[in-house]
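Report on the structure given below.
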2 protein chains.
Amino acid sequence: MMEITANNPNLSSWINVPENSDFPIQNLPFGIFSNYSSSNKRVGVAIGDQILDLYQLFELGYLHELPFEGGDFEAEYLNKMMLHGKMATRQLRNRLAELLSTDNQELQANKDHVEQVLFNQKDCEMHLPVKVGDYTDFYSSEQHAYNVGCMFRDPDNALLPNWKHIPVGYHGRASSIVISGTPFHRPKGQTIPNPDQPPVFGPCKLLDFELEMAFVTYEGKALGDSISTAEADDYIFGMCLFNDWSARDIQKWEYVPLGPFLAKNFASHVSPWIVTLDALEPFRTSGPVQDPKVLPYLEYKGNKHIDINLEVGITPEKSEETVVAKSNYKHMYWNMNQQLAHHSVNGCNIKCGDMMASGTISGNEESAYGSMLEISWKGTKPVQMKDGSERKFIQDGDTVTMRGYAQKEGIRVGFGEVNATILPAK
Amino acid sequence: MMEITANNPNLSSWINVPENSDFPIQNLPFGIFSNYSSSNKRVGVAIGDQILDLYQLFELGYLHELPFEGGDFEAEYLNKMMLHGKMATRQLRNRLAELLSTDNQELQANKDHVEQVLFNQKDCEMHLPVKVGDYTDFYSSEQHAYNVGCMFRDPDNALLPNWKHIPVGYHGRASSIVISGTPFHRPKGQTIPNPDQPPVFGPCKLLDFELEMAFVTYEGKALGDSISTAEADDYIFGMCLFNDWSARDIQKWEYVPLGPFLAKNFASHVSPWIVTLDALEPFRTSGPVQDPKVLPYLEYKGNKHIDINLEVGITPEKSEETVVAKSNYKHMYWNMNQQLAHHSVNGCNIKCGDMMASGTISGNEESAYGSMLEISWKGTKPVQMKDGSERKFIQDGDTVTMRGYAQKEGIRVGFGEVNATILPAK
């Protein structure tokens, strides 16, 4: 297996990386950007406050030893680059770390080239990084499933009988996954305010966020074949932050018996940078003991959870942000390896660019709950904003921002943020 | 609105159309094919036992008055052609009817050209016609929902409270939609044979088909906008047969609370020809009276149901077919216009190439039930095959075939068939 040399904690870059930046040389996440120099979308890599233009870098000959073509980097999405597979993208990230390293003069010494390949992030527009073929949402945080079960069923039987045997998941809508910063309108739909009366139609009254992370896959196996928990890492390119907007009142009325539909598919926001699974390796941690014992195809070896700090803030219109949740991705009962093994155990074919979200990530403390449904406990415990207003759910004009980073021994590998502002119903 | 001249019942073609062919000049369905003359995939149109090669026809100059390019017809999928929208594809179908009409000499008189553009269907390979962005499955046959409710809940409350208010639907897996004739392996998964014991892993024991039809969409509106029932026809390109394979034992254990997942996403088969909604216009019929009254956004005007005869046959390995169901697409409670209006009422963005299936189409008679679950009533009423064997569900080596056609006043507009053979679990 090729070494992940880009993870070397002793590396430093000749590009200035501000303190507490999410994007040191040990991260090098991939995204799609455009800017004043070209409205064509290209693959970029974040370093400090800047973006390295991989298309220009390729054109200038810095990547010619690698198995890529120019069209992989001047592209609408990361998919073409990802189609080369894990060894190729690892080799690419290692090469970028080499070029950006203080000790390396190749690019550093050529000021003309540096000017052509580096741009300030604030001067660039970020785009949806991946063309999502199929989107799956899991439900893999025990505390979240327990909280929902308590509220809608019974605290003594909060988890349904299948929950500890199956990484429960369902298919979601790919077309409405949009990039951070895309404003959207409050959805309209059917709800049933009074169960003895007919349903009514109108704007959703219980709009909620869900704090999630998603992983993006390489091309999987053919229809009929499965990916084991041991193989799963080779099929995961990287991760991003994911806000799975939910219309709780629409969901409650529609979801029986086939699951959530219009309550979820009006918009989901992702952060622009895909942090590679390689960059997250140093932050691996153990997961919970799984009791009852899982079936053999869900067993796994080693540390497959990841310690990633997460937070959510609400910024009311023309006001300042209040952080309403601090959670961690390590609070998952089921890890990505188990999710991917389960998803494909029936022969379902995983494709390059599929996106799989974690489900709401709630920790055990109330301050770590990952949705307003849980934070306000169905609206019974309003949350105080810094501007004096209260929130049970999300209001028009609010901006919801999620952030995430892993940190260990002085190295911080972050995700940036995903944010979105809610416009009134059309 | 441009007239649909291809529907003229008085048209006949200079190409021989065998009696009872699904593909007279009044049909002209679109598909993707390749053959000995070129392994490149092209758009073809079925006429009798032959396929008209639209790419060759374009190259020879017969379509130059129309708003298409060669790349729309030499294409992996119909999507590029469909991106031109309804008026363009209607104009194209009208032009093809003109060229194929007995009275027209343009193509007919040029034997060289005829040889270049016409191929026997039996010499061609058909491919998945559409690149499916998102796939949605509805649940819109009342008899099917009632039957399932009776078996799994209670005959007195078989329909859930939301069923007559909402065209219930859920998101499915797009990547595992495959073309008729693609063999597939019996899926494996978790089931719980005894609810007091832990779940077990192994091949599905209750493999079932679901007799469905699907419609394919043109590019819809932007995220946040909705398509009304009155506008829906303009966003529907056409229809095909759809076999929504279901693993009943996996489904029963996994589906609460977020809906079916691995029980459905191992394979779904579609028929190769997309019959345009235009070609189906003469077969429109009225739907059921909807009581209770639906919400205004689900109201519709005119006849929006379609009279399409459907049948399902099972062919055991090395044996002959037994027809096990005869149903009709008109047995839908919710029509496509209502489904599309509901799907987008929250602002969900519909894309070119989305596929939306009807849900199992069961009529009121037992002989019209559209799944083995209903036909064998959970396995309590085995079905006799012609070879003497019995079926409760589908066995390894069985081929399941679905067929459909509309017929009126001597004109038959058919779908051909969708079939698939089940291989043993891997």
Side-chain angles (χ1 to χ4, degrees), chain A residues 133-137 139 160-162 165-166 168-176 178 182 184-185 187-190 192 195 198-201 204 223-226 247 250 253-263 265-267 292 295-297 342-343 345-351 354 426, chain B residues 133-137 139 160-162 165-166 168-176 178 182 184-185 187-190 192 195 198-201 204 223-226 247 250 253-263 265-267 292 295-297 342-343 345-351 354 426:
Chain A
D134 277 291
Y135 156 55
T136 297
D137 193 25
Y139 185 58
L160 287 165
N162 59 13
H165 296 282
I166 291 179
V168 171
Y170 65 106
H171 296 295
R173 179 87 190 173
S175 75
S176 52
V178 293
T182 310
F184 70 105
H185 293 272
K188 294 180 286 190
Q190 277 195 42
I192 190 151
V200 300
F201 178 78
C204 155
L223 191 69
D225 288 331
S226 307
I250 295 172
W253 171 231
E254 75 169 1
Y255 93 104
V256 178
L258 300 177
F261 184 50
L262 298 193
N265 66 12
F266 54 91
L295 281 162
Y297 80 92
H342 181 67
H343 203 318
V345 77
N346 67 343
C348 180
N349 52 338
I350 306 302
K351 303 294 289 179
D354 286 348
K426 262 198 180 174
Chain B
D134 278 292
Y135 156 55
T136 297
D137 193 26
Y139 186 57
L160 287 165
N162 60 12
H165 296 282
I166 291 178
V168 170
Y170 66 105
H171 295 295
R173 180 86 189 173
S175 75
S176 53
V178 293
T182 310
F184 70 106
H185 292 272
K188 293 180 287 190
Q190 278 195 41
I192 189 151
V200 300
F201 179 78
C204 156
L223 190 69
D225 288 332
S226 306
I250 296 173
W253 171 231
E254 75 168 0
Y255 92 105
V256 178
L258 300 178
F261 184 49
L262 297 193
N265 67 12
F266 54 91
L295 281 162
Y297 81 91
H342 181 66
H343 202 316
V345 77
N346 67 342
C348 180
N349 52 338
I350 306 302
K351 303 294 288 178
D354 286 348
K426 261 197 180 175

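Quick note on labels: first sequence line is chain A, next is B, and so on, each numbered from 1. Being a predicted model, the structure only gives us computed values, none of them experimental. FYI, side chains are in, hydrogens and waters are out, and symmetry mates aren't considered; it's all heavy atoms of this structure.
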Closer than 3.5 angstrom, by distance alone: can the side chain of B/Asn162 be matched with the main-chain N or O of A/Trp253 as a donor-acceptor pair? yes
Donor-acceptor contact below 3.5 Å, side chain A/Asn346 vs main chain B/Ala263: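 Judged by distance alone, no pair lies under 3.5 Å.
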Pair count under 4.5 Å, heavy atoms only, with chain A: among B/Ser175, B/Cys204, B/Ala267, B/Gly347, highest is B/Ser175
Closest-packed option against chain A by number of heavy-atom pairs under 4.5 Å, given B/Gly224, B/Pro187, B/Pro199: B/Pro199
Can you tell me how far CG of B/Asn349 sits from OG of A/Ser176, rounded to the nearest 0.5 angstrom? 5.5 Å
I need the A/Leu223 CG to B/Thr182 OG1 distance, nearest 0.5 Å. 8.5 Å
Worked check of ring-ring contact (aromatic ring centres under 6.0 Å, His included) between A/Tyr135 and B/His171: CA-CA 9 Å; A/Tyr135 156 55; B/His171 295 295; 8.6 Å; no
If we define contacts as heavy-atom pairs under 4.5 Å, which of A/Arg173, A/His165, A/Gln190 has the most with chain B? A/Arg173
Of the listed residues (A/Gly189, A/Gly259, A/Ala247, A/Pro198), which shares the most heavy-atom pairs with chain B below a 4.5 Å separation? A/Gly259
Contact class of A/Val168 relative to chain B, heavy atoms under 4.5 angstrom: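 Side chain of A/Val168 only, per the 4.5 Å heavy-atom cut-off to chain B.
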Atom group of A/Ile166 that falls short of 4.5 Å from chain B, counting heavy atoms: both
So, A/Tyr170 versus B/Tyr170, ring centres under 6.0 angstrom or not?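 No, too far apart.
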Could you go through the side chain to side chain contact (heavy atoms under 4.5 Å, CB included) check for B/Phe261 and A/His343 one step at a time? CA-CA 9 Å; B/Phe261 184 49; A/His343 203 318; 3.5 Å; yes
